[in-house]
There are 2 protein chains.
Amino acid sequence: MAGAPHPPIICTVDVVLLTLADGALQVLLARRDREPFNGVLALPGGYIHREDDQSARDAAVRVLADKAGVASPYLEQLETFSGPARDPRGWSLSVAYYALVPLTALPTPHAGVGLKPVDRLPSLPFDHRQIVDAAVQRVRAKSQYSSLPVHLCDERFTLPQLQAVYEAVLGESINKVSFRRKVDSLAMLEAIEGELEHGRANRPAQLYRLRREFRHALSMVDRGLNPRD
Amino acid sequence: MAGAPHPPIICTVDVVLLTLADGALQVLLARRDREPFNGVLALPGGYIHREDDQSARDAAVRVLADKAGVASPYLEQLETFSGPARDPRGWSLSVAYYALVPLTALPTPHAGVGLKPVDRLPSLPFDHRQIVDAAVQRVRAKSQYSSLPVHLCDERFTLPQLQAVYEAVLGESINKVSFRRKVDSLAMLEAIEGELEHGRANRPAQLYRLRREFRHALSMVDRGLNPRD
DNA sequence: CGAATAGTGTCTGTTAGACATTATCGA
DNA sequence: TCGATAATGTCTAACAGACACTATTCG
């Protein structure tokens, strides 16, 4: 039943690394150093290495370290894109991931790597535009009901800073009292006792950090049709 | 830079077909007709065919038609599972999908195909147990705030029937008035004028159907941190 | 008519957003 | 003391859940 031999399916990963810079969501793009699309700005990505990688996720972690110099960010599988036409080399399949990091966790911008606002993307090769759009849509959706955006903050942050991050991601202003009530109900933060953010001409703000159990999990609000509690 | 030749990564799809039978979520399992695990109950799945399939989704549709005799159900990508150990043949990657169908859309049970309650699964080969669990978790989560469970109903259904479906999926009873308010706000249904469900010793119920624009999209409730409207 | 379930009106406690007030800093 | 922003108290409108009531069928 085996027909004529075919070249194998090309198996890759692509990573949408998102950060907040200049008050806007930005995606990390790297200049490609090989064909196809040599020299073109694209998502960091690469082949899955059978010999090195224990999973597609491992490949994504490796790609992020190699091409962006980023270690252990918040990383989640997004979606798998596939088909005969998305890569000029042939039938291909790419497991896409998205990563969230604070701007301070990125190495100083080096040659061939840069950030671009997700709302004003340059032309991208493959179906990378579609992948970025899917990632942004996912992040905005999950930010509406979860603690996801904390991963765009530094390790220590104030509630006004966190609110500004949510507002930048969601693209709309949030009521301060409601926001604080919601954050409180998510039970994801702990105040750092005695630590305040001084330095400006006003009352200093309490510093918080993410509680341990939420460093790689999300806290979600109850919502929708289900009875609460 | 190309090292020693490796056998290619095994690219497959697996489908978690869920339906509601005997008031419980059940998954369709098919007896495998080839190695590995020949003769064992497993998720319907198979290789992605470079020559036939325009995408992994196409492969999932094909597998569902071939192994379960189901055409055009609600089908959504779940997650991609990968690694060197999940398949005894070697490093493999499976794009998992989940499908929701009403029991009436399944062909009469034939040899080697059957339904099993998701809460009392038999031992499954590969990492199929993990895949089923991920699908069930996803379906339960999305059912809390979207119209997803309507795809477990027949084309025409009453509101009490729909509520029973939600309750079976979520595993808890729902307030009738709240449920109807929520369904109304989702704006996903249209009453079938003059069509009532007769036959029992009580007031007949209005029949509804899913509005066209939601046949392959979901309606979601507002929720969480974002300001409404 | 009585049992049974569909569908709706209404009351009440909870919650979200608006606004005001107090707190605490630097200059 | 003043300007600025953090943090919190309070009022009100919207909403969710509970309950009761009406509607409509079969037997």
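Convention: sequence-line order gives letters A, B, ...; per-chain numbering from 1.
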What residues, two or more places apart in sequence or in another chain, satisfy salt bridge (charged side-chain N to carboxylate O under 4.0 Å, His left out) together with B/Glu190? B/Arg209
Under 3.5 Å, which N/O atoms of the protein pair with N/O atoms of nucleotides 25-27 of chain C?
| from | atom 1 | to | atom 2 | distance (Å) |
| --- | --- | --- | --- | --- |
| C/dC25 | O2 | A/Ala201 | O | 3.3 |
| C/dC25 | O2 | A/Asn202 | N | 2.9 |

Salt bridge present between A/Glu79 and A/Arg138 (N-O < 4.0 angstrom): no
Given C/dA6, is OP1 or OP2 found less than 4.0 Å from the side-chain N or O atoms of B/Lys176? no
Nucleotide C/dG7, atom P - distance to CG of B/Leu189 in whole Å: 12 Å
Quick test: give all pairs of protein nitrogen or oxygen and nucleotides 10-14 of chain C nitrogen or oxygen below 3.5 Å, distance rounded to 0.1 Å.
none

Output the rounded distance in Å from CD1 (B/Ile174) to P (D/dG17). 10 Å
Over its full length, what angle do the end axes of the helix from C/dC1-D/dG27 to C/dA27-D/dT1 make, each axis taken from five pairs and the result rounded to 10 degrees? 0°
Under 4.0 angstrom between B/Asn175 side-chain N/O and D/dA18 OP1 or OP2: yes
Identify, with sequence neighbours excluded, every residue that meets side chain to side chain donor-acceptor pair (under 3.5 Å) alongside B/Glu213. B/Arg211
Would you please classify the geometry between the A/Tyr166 ring and the A/Phe179 ring as parallel, tilted or perpendicular, with 30° and 60° separating the classes? perpendicular
List the atom pairs, with distances to 0.1 Å, where a side-chain N or O of residues 62-69 of chain B and a protein N or O form a donor-acceptor pair under 3.5 Å, not counting sequence neighbours.
| from | atom 1 | to | atom 2 | distance (Å) |
| --- | --- | --- | --- | --- |
| B/Arg62 | NE | B/Asp53 | OD1 | 3.1 |
| B/Arg62 | NH2 | B/Tyr47 | O | 3.0 |
| B/Arg62 | NH2 | B/Asp53 | OD2 | 2.9 |
| B/Lys67 | NZ | B/Gly45 | O | 2.9 |

